[in-house]
Amino acid sequence: RCNVAPLLPPLTPNLSAHLIAPWVSVVGLEVHAQINSDSKLFSGSKVQFAAPPNSLVSFFDASLPGTLPVLNRRCVEAAVMTGLALNCSINKKSLFDRKHYFYADLPAGYQITQQRLPIAVNGSLSYSFRAGKNLNQMETRKVRIKQIQLEQDSGKSLHDDVKSQTLIDLNRAGVGLMEVVMEPDMCCGEEAAAAVRALQLILQALGSSQAIMAEGQLRVDANISVHRPGEPYGVRTEVKNLNSARFLAKAIDYEIRRQTEELENGGSILNETRAFDYRLGRTIPMRDKEGKQDYRFMPEPNLPPLILYDSKSLPTNTSHQQVVNIDWIRERLPDLPSVKQAKLVEKYGILPEHSFTLLNEDGLMEFFENVVKETQMNPKKVIGWILNDLLSYLKQCNLTVKESPVSPLLLTDLLNLREREVISSSAAKKVSTELWKGEGKTPAQIVKEKKLELIQDQKELEQICQAVIEGHQPAVMEIKKGNKKVLNKLIGQVQKTTRDRSDPVLVKQILEKQLL
Ligand SMILES: *[C@@H]1O[C@H](CO)[C@@H](O)[C@H](O)[C@H]1NC(C)=O
Ligand SMILES: *[C@@H]1O[C@H](CO)[C@@H](O)[C@H](O)[C@H]1NC(C)=O
Ligand SMILES: *[C@@H]1O[C@H](CO)[C@@H](O)[C@H](O)[C@H]1NC(C)=O
Ligand SMILES: *[C@@H]1O[C@H](CO)[C@@H](O)[C@H](O)[C@H]1NC(C)=O
Ligand SMILES: *[C@@H]1O[C@H](CO)[C@@H](O)[C@H](O)[C@H]1NC(C)=O
Ligand SMILES: *[C@@H]1O[C@H](CO)[C@@H](O)[C@H](O)[C@H]1NC(C)=O
């Protein structure tokens, strides 16, 4: 199923000669998504990013003796929603287990998770990414989802190197997570990043997780191995805790290269856990994860099995408040990104890859739709401005769509000036450049100040054209000989003389009339 690993530049240059035989790389992911809920999975403590340390900790979160878990309904619904959106079978009965390990930020000494019987299983996720030699082909693939399980997050250890201390913040302890386990169906960093991005868009569309990677709401572990075609899978390494799509892709591609080189050199791969050092751009072994862990799983004695219902199994005389009804949630699922994408293509006549870009960039679709609503310009032309002008500018300046100095309203004004033929397209580009300076001027003001309006007076244009003809006799001779292409040179001259204030179509007509 997987492609042969691309022959990436070797880590050590003198090895390149050996890297002839192809290797197949295999990548599997586990994604921890923080559930979008006001309170934690088993306690009433608030969930909030960047709150003062240890300000959101209940007795249960701190594991004081005698405290008991109370399951948060909202977290269950979020997991069911996510499972349905990912084509999973929802288990009507699932179980909670204790997973034991010793760590300072885990006060109970165990995490409550769903090891034996998770809430959702056997799903799939489609994603698209650029493939091919020049990355100019959109390829759509599918990864199987093995399971989705509910579990608690741990607290955080903060290391103070100056004072050589470790401080514990339990605000995150007990926050609800959905662990999405994918089968090893992927083969490179770019592909894995696309799958995570697709998952992120789905979670955000559902509202089941805000999935903000920079806030650690989406954390990814990756299993990576390489083998010869036709042979069994190689020994895998696991890279932990990647919280950016870019680093995920880099870490995976680094591992593939590292393992390939190691094996080419006659070495072997250790079955180990590694971390990605983004400053060095490589993965390094994690010392605290050495050796095989025995998690001593056992059923959580303080939580009964989690029972879900569908419309058939729903006991009579129960209200929505008393049970979680899978069918009720299914009927209320919002549009998924793939549906939104198809709708954009249909509604505006834009290309599928453009609709993909609109959805892939946070806030870009809303920006586009706001502009389309207010302008007379054809959406197919608007998308050109959004992608070539807005997006490339934002990328250059590392800005998000929200931070754009040009609002949808300003861009609309500009496009309307162009659409009403007040300015030429090259003048529109000039206005746009001015707008990006963020000086607060409107397009109309800029046009006025810089005198960019198209010359409307036909007589004036005819005079300018005549002058250009007189000044470019050799070109005129060429045209008269039948070389029509040279006409463009004259049109360019008129544009230059008028500083882009002439309509090229009109100029062409006038020149043709005067010359032929
Ligand atoms: C999920 O798939 C596995 C393997 O194909 C199968 O044994 C199991 O019954 C499936 N579970 C559900 C709930 O469909
Ligand atoms: C679920 O399956 C359908 C049909 O195979 C597919 O069109 C859809 O893309 C899948 N959903 C996801 C999130 O991949
Ligand atoms: C990697 O593989 C191991 C062993 O099969 C499994 O326990 C672990 O959950 C996998 N991790 C990921 C990120 O897929
Ligand atoms: C690697 O180790 C994990 C547990 O530490 C185990 O589940 C897995 O089977 C091992 N894989 C290989 C290929 O040795
Ligand atoms: C449902 O509730 C109503 C009112 O509480 C009661 O009269 C009725 O007998 C109940 N029906 C069943 C099947 O329990
Ligand atoms: C944008 O970010 C990249 C890398 O993060 C950096 O190299 C570049 O200088 C930044 N550009 C600007 C305009 O800040």
Side-chain angles (χ1 to χ4, degrees), residues 1-2 25-33 79-80 82-95 97 99-101 111 113-125 142-151 177-189 191-193 195-196 199 213 218-227 232-245 247-249 251-256 259 269-276 283 285-286 289-297 305-310 312-313 326-327 330:
R1 218 193 95 86
C2 272
S25 49
V26 179
V27 178
L29 301 179
E30 278 175 17
V31 182
H32 289 92
V80 170
T82 306
L84 291 173
L86 296 177
N87 290 326
C88 289
S89 307
I90 307 296
N91 281 326
K92 289 205 198 121
K93 175 180 171 186
S94 60
L95 303 171
D97 305 289
K99 176 182 182 178
H100 295 84
Y101 61 96
Q111 172 196 34
T113 178
Q114 295 195 295
Q115 196 248 348
R116 286 168 298 164
L117 198 49
I119 192 162
V121 296
N122 297 356
S124 66
L125 168 69
K142 209 181 241 187
V143 57
R144 289 167 296 155
I145 305 283
K146 183 164 177 248
Q147 66 187 55
I148 301 175
Q149 71 211 37
L150 281 167
E151 61 184 39
L177 298 176
M178 295 177 278
E179 179 174 314
V180 180
V181 182
M182 300 181 194
E183 299 283 3
D185 293 340
M186 290 162 283
C187 61
C188 68
E191 183 175 4
V196 168
L199 176 64
M213 291 192 102
L218 211 57
R219 307 193 291 270
V220 186
D221 302 338
N223 267 355
I224 302 137
S225 68
V226 303
H227 64 276
Y233 285 4
V235 176
R236 53 120 198 113
T237 58
E238 184 167 3
V239 183
K240 286 269 191 199
N241 253 327
L242 295 151
N243 57 8
S244 117
F247 293 153
L248 170 68
I252 290 173
D253 288 341
Y254 175 87
E255 264 306 289
I256 294 172
Q259 292 183 14
I269 305 302
L270 288 178
N271 180 359
E272 67 182 351
T273 306
R274 300 174 74 90
F276 183 65
T283 64
M286 275 168 89
K289 298 279 180 183
E290 264 169 23
K292 196 163 149 49
Q293 283 251 20
D294 177 4
Y295 291 118
R296 294 178 292 122
F297 282 102
L306 169 57
I307 307 292
L308 307 175
Y309 296 89
D310 58 20
K312 271 188 239 144
S313 64
I326 301 165
D327 289 328
R330 192 195 311 274

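Residue numbers count from 1 along this sequence. Indexing begins at 1, ligand by ligand and atom by atom, following the structure's order.
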Inset, instruction - Give the residue, atom name and distance (to 0.1 Å) of the protein heavy atom nearest atom 11 (N) of ligand 1. - result: Asn122 ND2, 3.0 Å
Inset, instruction - Apply the side chain to side chain contact (heavy atoms under 4.5 Å, CB included) test between Ile148 and each candidate in Thr82, Val31, Ile90, Val121; give the one that qualifies. - result: Thr82
Legend entry - Asp221: numbered ligand 3 atoms lying under 4.0 Å from its heavy atoms: 13 (C)
Legend entry - From CA spacing to verdict: side chain to side chain donor-acceptor pair (under 3.5 Å), Ser124, Asn87: CA-CA 6 Å; Ser124 66; Asn87 290 326; 3.1 Å; yes
Legend entry - Heavy atom of protein closer than 4.0 angstrom to atom 14 (O) of ligand 1: yes
Inset, instruction - Indicate yes or no: at least one non-hydrogen side-chain atom of Val196 is less than 4.5 angstrom from one of Met213. - result: yes
Inset, instruction - Taking only heavy atoms of Val121 into account, list the atoms of ligand 1 that are under 4.0 Å away from them. - result: 11 (N), 12 (C), 13 (C)
Legend entry - Met182 contact mode with ligand 3 (heavy-atom cut-off under 4.0 Å): neither
Legend entry - atom 2 (O) of ligand 1 protein-contacted, heavy-atom criterion under 4.0 angstrom: yes
Legend entry - Heavy-atom nearest neighbour of atom 4 (C) of ligand 3 within options Glu183, Arg236, Lys146: Arg236
Legend entry - Minimum side-chain heavy-atom gap Asn223-Asp221 below 4.5 Å: no
Inset, instruction - Report the relative orientation of the aromatic rings in Phe247 and Phe276; use parallel for angles under 30°, tilted for 30 to 60°, perpendicular for over 60°. - result: tilted
Inset, instruction - Could you tell me whether the side chains of Glu179 and Thr113 share a donor-acceptor contact shorter than 3.5 Å? - result: no
